[in-house]
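Data block below; observations after.
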Amino acid sequence: MKKIWIAAILACAVAGAVYANSDGAHEYKKTASVHDLMEYMVKPAMAKIKEYREAGGPADKEQWQKAYGAITMVTEASQLVLMDGRVKDDAWSDGAKQVIDAAQGAMMGAYRMDADGYNKGLKAMSAGCKTCHDVHKKKEE
């Protein structure tokens, strides 16, 4: 739970920095590596998503809200992967863009407490993750 709060705070800080930059008052400066984004934002958020999927989906309004929040963390991390020179290649950018696009459906599913929309969106998000992971994530033996 603590990791999710840290990730949420990090995402809010980044969102604030981007918003502040919209009027020229602040320039975004990368502070987290892709590894950091995956470890501290994506991994805890995906653990929550996995927990709910293994339980057959979120069980109540509070869990649906937490699922929505977890999806937003993965999506924001994907946005950050595309920023400030982090992109290594097309697999990297294509995967992140797929996650961002697919997340809209998963988020709406969670917001509406619609298991079908939620699951379809998560499946499409997973395909985006796989696009990049197939190329860049080291195989565990």
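For the single chain, residues carry numbers from 1 onward in sequence order.
Not one N or O on the side chain of Glu39 forms a donor-acceptor pair closer than 3.5 Å with the backbone of His35.
The pair Lys97-Asp101 does not meet the salt-bridge criterion, since no charged nitrogen lies less than 4.0 angstrom from a carboxylate oxygen.
Heavy-atom neighbours of Arg112 CZ from other residues, nucleotides or ligands within 6.0 Å: at or below the threshold of 12.
For Lys88, the side-chain contact (heavy atoms from CB on, under 4.5 Å) criterion is met by Trp92, His136, not counting sequence neighbours. Legend: residues meeting side-chain contact (heavy atoms from CB on, under 4.5 Å) with Thr131, ordered by chain and number and at least two apart, are Asp94, Gln98. Arg86 is linked by a side chain to side chain donor-acceptor pair (under 3.5 Å) to Tyr28, counting only residues two or more places apart in sequence or in another chain. Residues passing the side chain to side chain donor-acceptor pair (under 3.5 Å) test with Glu51 are Lys48, sequence neighbours excluded. With sequence neighbours excluded, no residue satisfies side-chain contact (heavy atoms from CB on, under 4.5 Å) with Lys29. Not a single salt bridge (charged side-chain N to carboxylate O under 4.0 Å, His left out) links Lys30 to another residue, sequence neighbours left out.
For the pair Asp114 and Met108, the minimum side-chain heavy-atom distance is 4.5 Å or more.
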| field | side-chain contact (heavy atoms from CB on, under 4.5 Å) between Gln65 and Tyr111, intermediate numbers included | value | CA-CA 7 Å; Gln65 289 173 336; Tyr111 180 78; over 6 Å; no
| task | List the steps and the verdict of side-chain contact (heavy atoms from CB on, under 4.5 Å) for Val34 and Met38. | result | CA-CA 6 Å; Val34 172; Met38 295 299 145; 4.2 Å; yes
| Test side-chain contact (heavy atoms from CB on, under 4.5 Å) applied to Met73 and Val42, step by step | CA-CA 7 Å; Met73 289 299 100; Val42 174; over 6 Å; no
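Taking every heavy atom of both residues into account, Ala70 and Ala45 meet most closely at O-CB, 3.3 Å. Nearest heavy-atom pair, Ser78 versus Val99, reported as atom, atom and distance to 0.1 Å: OG-CG1, 3.2 Å. Across every non-hydrogen atom of Ala110 and Ile71, the tightest pair is CB-CD1, 4.3 Å. Between Leu82 and Ile100 the shortest heavy-atom distance is CD1-CD1, 3.7 Å. Summarising the geometry of Ala77 relative to Leu37, their closest heavy-atom pair is O-CD1, 4.1 Å, with the distance given to 0.1 Å.
Within the model, atoms NZ of Lys123 and CG of Asn119 stand 10.0 Å from one another, a figure rounded to the nearest 0.5 Å. The CG atom of Asp60 lies 8.5 Å from the NZ atom of Lys66; values are rounded to the nearest 0.5 Å. The structure places CG of Asp90 at 11.0 Å from SG of Cys132, a figure rounded to the nearest 0.5 Å.
Aromatic ring centres of Trp64 and Tyr118: separated by under 6.0 Å.
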